[in-house]
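Below is one structure, written out as structure tokens, with a few remarks after it.
Residue indices begin at 1 and follow the sequence shown.
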Amino acid sequence: MWIDDISKIDLLFFKPYSNEIIDICKNNQYTPLTIGLFGSWGSGKSTILNFIKDGLEEYKKNITCITINAWQLEGYDDAKVAIIESILDMINQNQTFIDKCGDKIKELLKKVNFLKLGGYLVKKGIATAGSLITGNPLPLILSIGEDVSKINVDSVVTTLEQIKEGTKENEVDKLISKNIREIRHDFSEIIKTSGLSNLVIMIDDLDRCLPKRIVEILEAIKLFLSVDNTTFIFGVDEAIIRYSIKQQYPVDDKINDISNDYIEKVIQLPIIIPKLSPKDIHNYFLVLGLEKVLKDSDFDTILKYIIDNKLLLKENIIDYKDLLKNSSISSKDIDNNLMDEIQIISSCISSSLKGNPRKAKRFLNSFLLKKNLSKYYFDSNEIDYKILAKIMALYNIDNHAFQDLSNISSTFDPENGKLKDIEEHKNENVSSCWLKPTVQNWITCEPKNLYLIDLRNYFYLTRDMISNVIDYDSKYNKESLTFVESVLQSKTLTLLTESMNSFKITHNECVEEVVSILCEKYKKEKCNFVHIGALFISYENMRGYIMQVIKENRRKVAIGDIPIYKEMLKIDKVQIQNELTQLKEEGLITQDNYNRITGGEN
């Protein structure tokens, strides 16, 4: 199995990113600085942060690096206070800070306690009035609901005295405001006294927190902690940050997106981790496989060879046999069968993983689990693992095609006409799901001629996947879902085709997803024919699939559909003419409307 955790080896070849950030951190003239390391779930953010930490620790020149896991702060009432406390606790464990700033840190922690307890008392003063009246900290401590062992009772007593005095003068708010100003100043003094050129604070897993917590943590750093000689690095999904900001500061204005300005004010240097291309994912599968089958020393040799020869920049996909040969490593002692199975998997699904390395690793783990389970159920000659790999890949590529293949294979017939038609690309009577480019690519991958194989054992092993429908939110990219949402707001063919063509230029890798989502909505009558017509006009590679969806879901042709059919007829006269003829035979279009579209042709 491949551990789904922070990698200590640069399998994704992201070291250039970490090295560049390390160089930035070495120059304190850039401080105070906040860096946003933006990437989606599973893109490698935590791994890059780990490389940065290791690189800065090796540097050992007046730079201290600490790491905070934001998710661990989720249970606190006030995330602003929690993040400040966490950072102070971390630096208070560092010998440089203990020797030079120990007393200052303790004093600052008292002020943070005041901010926490004072704010809590103002928020729930009635429930904690007993502490205020008597000076006894116990009722207040018990009402806070945190681990009592973590609370400094002396600080609570001091805080109560300050608040009690402030209450007499009706100045509790002023006391809290004063402490807020002093926290930033005192934190800055601590950094100066330490003599460090840069305190680098890396915050990971922020995007796992609730929206309110995310915004509180960002604001705490901007208001209290972003001072000279500090660098904050966030590993986060930018889309989740935007969503959190919109949730906390809702604005009824779709044109002016407040999240853009907010992020620009908080994050000075955004660094976007690029999505891996299908070729990159294919090579990543290869590297994962080699990591599994090679000795550590041989694997290190392979990685060095790949980097030194810049193989990742080459146009062609890396062939593991050539790689072993050129690295002078014998292939006799490795599991070549596993490598061949991984080759099949990567050929089938590299383009459907949306550039996400974690999904690649998870798929391989699922495959190995099924492969090992098969040994308990079947003899070695009853399962071809290459076929198993291909069938599991189909589930990942298109759930509907997987379900359809399961139904087709429920009985075995060597002359299985439907599966044979699918594999021979006879598309007249097959379900539309088989006409998507990624599914068509799957059909061409080895092993072929599955219609000659009894697939029932394979679907027994994958029976947990059958009817396990994946919802849109987990299956599709946020970019695709956002674009579909905007598309559904328009019903003008010209505007739709213009926006779809623009989307193809900027997000070509998401086009098939957009087509799939809109076609599924069309089947459920949740979008109009104009949307499907615009897809047909805009996306040439998907026309076979779109046309099949139109055939499977024929509707009565309305007056408003006439200009759409006219434009479609200009693009593909044969397909659209045949469809119009079929519509007329089924009574779904009047003769007049037929003539308006075709120019009077019968």
Between [Y] and [X], is there a side-chain heavy-atom distance shorter than 4.5 Å?
{"X": "L338", "Y": "L368", "answer": "yes"}
{"X": "T67", "Y": "L49", "answer": "no"}
{"X": "L311", "Y": "Y305", "answer": "yes"}
{"X": "V236", "Y": "L37", "answer": "no"}
{"X": "L109", "Y": "I105", "answer": "yes"}
{"X": "I271", "Y": "L269", "answer": "yes"}
{"X": "N309", "Y": "N326", "answer": "no"}
{"X": "F234", "Y": "I221", "answer": "yes"}

Inset, instruction - Establish, for the pair K15 and F51, whether the NZ or CZ atom is under 6.0 angstrom from the six-membered ring centre and no further than 45 degrees off its axis. - result: yes
Return the [atom1] to [atom2] distance between [X] and [Y], rounded to the nearest 0.5 Å.
{"X": "S226", "Y": "I201", "atom1": "OG", "atom2": "CD1", "value": "9.5 Å"}
{"X": "M90", "Y": "F97", "atom1": "CE", "atom2": "CZ", "value": "11.0 Å"}
{"X": "L73", "Y": "I68", "atom1": "CG", "atom2": "CD1", "value": "7.0 Å"}

Around [X], counting heavy atoms of other residues, nucleotides and ligands shown, do more than 12 lie under 6.0 Å from its [atom1]?
{"X": "W41", "atom1": "CH2", "answer": "yes"}
{"X": "D296", "atom1": "CG", "answer": "no"}
{"X": "K222", "atom1": "NZ", "answer": "yes"}

Inset, instruction - Please determine if K104 and E107 form a salt bridge, counting it only when a charged side-chain N lies under 4.0 Å from a carboxylate O. - result: no
Legend entry - Residue pair C65, M202: steps toward the side chain to side chain contact (heavy atoms under 4.5 Å, CB included) verdict: CA-CA 7 Å; C65 180; M202 299 193 300; 3.7 Å; yes
Inset, instruction - Go through the steps for L290 and L323 under the test side chain to side chain contact (heavy atoms under 4.5 Å, CB included), then give the verdict. - result: CA-CA 10 Å; L290 290 173; L323 195 58; 3.7 Å; yes
Inset, instruction - Apply side chain to side chain contact (heavy atoms under 4.5 Å, CB included) to the pair Y30 and Q268, showing each step before the final yes or no. - result: CA-CA 10 Å; Y30 296 138; Q268 287 120 339; over 6 Å; no
Legend entry - R213 side chain to L206 backbone, donor-acceptor under 3.5 Å: no
Return yes if a side-chain donor-acceptor contact under 3.5 Å exists between [X] and [Y], otherwise no.
{"X": "E238", "Y": "Y243", "answer": "no"}
{"X": "N28", "Y": "T31", "answer": "no"}
{"X": "R242", "Y": "N260", "answer": "yes"}

Legend entry - L312/D280 under side chain to side chain contact (heavy atoms under 4.5 Å, CB included): CA gap, chis, key distance, verdict: CA-CA 7 Å; L312 297 175; D280 294 332; 5.5 Å; no
Legend entry - Residue that, paired with S40, satisfies side-chain contact (heavy atoms from CB on, under 4.5 Å) out of D237, I240, I273, D207: D237
Inset, instruction - Using the side-chain contact (heavy atoms from CB on, under 4.5 Å) rule, pick out the option among D99, T64, L199 that qualifies with N94. - result: T64
Legend entry - Criterion side chain to side chain donor-acceptor pair (under 3.5 Å) on N69 and D205, from CA distance to verdict: CA-CA 6 Å; N69 188 310; D205 284 340; 3.1 Å; yes
Inset, instruction - On the 0 to 90° scale, with breaks at 30° and 60°, tag the Y17-F14 ring pair as parallel, tilted or perpendicular. - result: perpendicular
Legend entry - Plane angle bin for F363 and F285 - parallel if under 30°, tilted between 30 and 60°, otherwise perpendicular: perpendicular
Shortest non-hydrogen separation from [X] to [Y] and the atoms involved:
{"X": "I317", "Y": "H282", "result": "CG2-CD2, 3.0 Å"}
{"X": "C25", "Y": "T231", "result": "SG-CG2, 4.2 Å"}
{"X": "C348", "Y": "I397", "result": "O-CD1, 3.3 Å"}
{"X": "G44", "Y": "L12", "result": "CA-CD1, 4.4 Å"}
{"X": "K279", "Y": "L313", "result": "NZ-C, 4.3 Å"}
{"X": "I342", "Y": "G289", "result": "CD1-CA, 3.6 Å"}

Inset, instruction - Enumerate the residue pairs fulfilling salt bridge (charged side-chain N to carboxylate O under 4.0 Å, His left out) with a member in residues 304-326, sequence neighbours excluded, ordered by first and then second residue. - result: K304-D308
Show every donor-acceptor pair shorter than 3.5 Å between a side-chain atom in residues 186-194 and any protein atom, with sequence neighbours excluded, or say none if there are none.
{"from": "D186", "atom 1": "OD2", "to": "K111", "atom 2": "NZ", "distance (Å)": "2.6"}
{"from": "T193", "atom 1": "OG1", "to": "E189", "atom 2": "O", "distance (Å)": "2.8"}
{"from": "S194", "atom 1": "OG", "to": "I191", "atom 2": "O", "distance (Å)": "2.6"}
{"from": "S194", "atom 1": "OG", "to": "L196", "atom 2": "N", "distance (Å)": "3.2"}

